[in-house]
Amino acid sequence: MDKVLVELKNIKKSYDDTEVIHNLSLYIKENEFLTLLGPSGCGKTTLLRIIGGFETHDDGQVIFDGQDMKDTPAYQREINTVFQNYALFPHLNVFDNVAFGLRIKKLDKDTIDTKVKNALRLVKLEGYEQRPVSKMSGGQQQRVAIARAIVNEPKLLLLDEPLGSLDLKLRQDMQYELKEMQESLGISFIFVTHDQEEALTMSDTVVVMKDGVIQQIGRPEDIYNEPKNRFTASFIGESNIVEGVMKEDYLVHFEGLDFTCVDKGFAKNEPIDIVIRPEDIVLAAPADDRINGVVDDIIFKGVHYEIIVLVNGREYIIHSTDPVNVGDEVSLNFDPDEIHVMKRTDEASS
Amino acid sequence: MKHLRKLSYPYLVWMVLLVFVPTLLVLLLSVSDLDVFNAGPFRLTFEWIEFLGKPKVTNAVRNSIYYSFLATFFSFLIGYPVAYYLASLKTRFKTFYVTLLIIPIWSNMLLRIIAWEKLFFPISILNMFGISFDLIGTDYAILIGMVSMYLPFMVLPIYSVLEKMDRSLVDAAKDLGANDFQTFYKVIFPLSISGVVSGTIMTLLPAMTAFALPERLGAGKIQLIGNVIEDYFLKTNNINAGSLISILLMVVIVFMFIAILRFDKEGETLI
């Protein structure tokens, strides 16, 4: 898990004078499940296509397995891709789709048979060999696409929002299956998605991107619990983001009150952003040393209630399993380690 | 939608008067002794079949097959790359280029044939550039004429199939290790086959039944089946033999259209 498989150095890419990837550097280790997460248009698919060899970068280096890929066309890279719309060959049946790469490599018929059978078993599509791909459901097509890619035993598998067109239940099942598959095959996955839940569920490492720039790289827990900026905080799950001031190490001031926290290393009185996750706030009776507000709305979400509390004209979202009444006066309670302090970024809240 | 059906009546009348009735007449003529001098009582006969064995007819059939297949082959050879190139264009002038290809079809075919004819005589406007051809009555004249007439009919169906093809399939083929050549013959060509079949038939049919083109560019030396039919009807007054050949030709055409429909069930390549 330590050896670096892919290294991207200072990648730049423009389309018609618009730079879509700005000086991006990133590395992927062997056997790592890495997710590129960001809103549409953030450059994540372009980055994936650069690694796959379908786009050329304007500047920088893609180093794969110790070699610069500059002059290696897509078809010579030991990388396979599961495309967004699967891109299955409509004129071929399931078996021939999966065997496509092996036949290009001119393997003998028995080897091809065995490998295709194994790949189809892995994606639970045994017995579908002769089925035309057009006669299969979205979920099945997606499995064929995965089988077609992994049968070539690539060192790296690229997945471009492969779960996007599946319904919720199937998508969740496939998330676990993909993660399991990645662990049992022992190959690196780069997974592109705009779905934060998908990213958090499956990944070893999440890379949050915006406008062609990496916002944060980290384990899912770190990304969720310690977002580095306003964008990451609001993109990964629902959150309450408040402006405040860092009075000194471990002491933060916001909503007119001082709170102890676990963050340090900021300048004295540095303006900062604070994020508090909705599930970290507990409602109690109003108190003088707490943030007090009025319940504005309550929505039943199944697992929990989503409660909107108005504090000095600002909305706080709270997730709680205990219902309250609209109009109740409440105080917001949270522990010091649930206050996440982030460097202030210039952008407006998004 | 029932009340809209009335709007199709003029077309029905048209079909019955100008297609159905004449076809029946031709069919009757081909199996009877009715002709311009005998409108009265008639008897059924298959005697016209013996005309099919005449050298004039067999020769024309051979010519028709020979020239139409060669012309179709060259049209495919030239047309496929053109269609591929047009389909892969990313500029906003794409429609403009496709229109350029279609424009010749809008001018009268006879006019274009005569234009070629003028160029193929030794004395022509080309002498201005120091060029002189003497091609009238040769294979070259017929083939160049046919390819230039029917090339758009080969290009358009192939173009429309390639245009609609999902570009990510090409990425997928490359991703799986196929080089440009392998990508073409394992993915792109098989997926465009319905366009190739339509294009082939759209070229083959008019080439096979052409009669103005061989008459002008072949200078009467090269006769196709269309010329023989014309001869029987207008010159030798044997409208029965002419009818029989026409009917057989129609049967061949119908079979070819059935072939198109088998390859292209939605008819999308026929534009």
Side-chain angles (χ1 to χ4, degrees), chain A residues 15-16 45 48-55 72-93 96-107 112 115-116 119 133-134 141 144-154 156-162, chain B residues 76 80 83-85 87-94 157-201 259-270:
Chain A
Y15 289 118
D16 306 327
T45 294
L48 198 77
R49 289 177 63 81
I50 287 172
I51 299 170
F54 306 114
E55 302 274 355
T72 311
Y75 68 86
Q76 284 175 353
R77 300 190 185 190
E78 278 180 274
I79 300 174
N80 287 110
T81 309
V82 178
F83 292 88
Q84 192 163 16
N85 59 353
Y86 315 139
L88 297 177
F89 303 120
H91 60 302
L92 302 177
N93 63 22
D96 292 337
N97 261 283
V98 178
F100 192 93
L102 303 175
R103 286 187 178 140
I104 296 276
K105 286 187 199 134
K106 304 216 162 40
L107 299 184
I112 292 177
K115 287 189 178 218
V116 171
V133 289
S134 55
Q141 290 191 4
V144 177
I146 293 171
R148 187 179 68 172
I150 59 177
V151 77
N152 301 291
E153 294 159 20
L156 174 65
L157 187 68
L158 308 178
L159 301 106
D160 187 3
E161 305 208 19
Chain B
F76 169 73
Y80 199 99
Y84 187 83
Y85 173 75
S88 64
L89 279 181
K90 288 199 176 82
T91 87
R92 58 208 160 89
F93 296 115
K94 195 170 184 169
I158 299 175
Y159 165 81
S160 76
V161 173
L162 289 175
E163 233 279 297
K164 281 179 218 144
M165 201 171 77
D166 184 358
R167 291 275 122 183
S168 66
L169 296 176
V170 174
D171 283 347
K174 299 232 165 109
D175 185 74
L176 295 165
N179 60 31
D180 288 347
F181 179 66
Q182 289 166 323
T183 303
F184 180 77
Y185 88 85
K186 277 180 174 267
V187 176
I188 299 172
F189 190 73
L191 285 175
S192 64
I193 202 78
S194 66
V196 174
V197 171
S198 291
T200 298
I201 292 171
I260 291 195
L261 293 176
R262 298 200 94 173
F263 269 93
D264 180 9
K265 293 199 169 63
E266 288 92 41
E268 57 179 329
T269 57
L270 291 174

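Letters A, B, ... are given to chains in the order of the sequence lines, protein chains preceding strands, and every chain is numbered from 1. Side-chain atoms are counted along with the backbone in the values below, which use heavy atoms only and exclude waters and symmetry mates.
Residues A/Ala87 and B/Ala172 approach most closely at O-CB, 3.7 Å, considering heavy atoms. Of all heavy-atom pairs spanning B/Lys186 and A/His91, the tightest one is O-NE2, 2.9 Å. Of all heavy-atom pairs between B/Leu169 and A/Phe89, the closest is O-CE2, 3.5 Å.
Residues A/Phe83 and B/Asp175 have side chains in contact (heavy-atom distance under 4.5 Å, counting atoms from C-beta outward).
Comparing A/Gly53, A/Pro90, A/Pro154 by how many heavy-atom pairs each has under 4.5 Å with chain B, the most go to A/Pro90.
Within 6.0 Å of CZ in B/Arg92 there are 12 or fewer heavy atoms belonging to other residues, nucleotides or ligands. For OH of B/Tyr85, the number of neighbouring non-hydrogen atoms (other residues, nucleotides, ligands) closer than 6.0 Å is 12 at most. Within a 6.0 Å radius of CZ in B/Phe93, other residues, nucleotides and ligands contribute 12 heavy atoms or fewer.
Interface residue B/Asp166: only side-chain heavy atoms are found under 4.5 Å from chain A. When heavy atoms are compared at a cutoff of 4.5 Å, A/Leu102 does not approach chain B at all. Contacts of A/Asn152 with chain B are made by side-chain atoms alone, with heavy-atom separations under 4.5 Å and no backbone atom involved. For A/Arg148, the parts sitting under 4.5 Å from any heavy atom of chain B are the backbone and the side chain alike. The part of A/Ile79 that comes within reach of chain B is its backbone (N, CA, C, O), which places non-hydrogen atoms under 4.5 angstrom from that chain.
Separating the CG atom in B/Leu176 from the CZ atom in A/Phe100 is a distance of 6.5 Å, to the nearest 0.5 Å.
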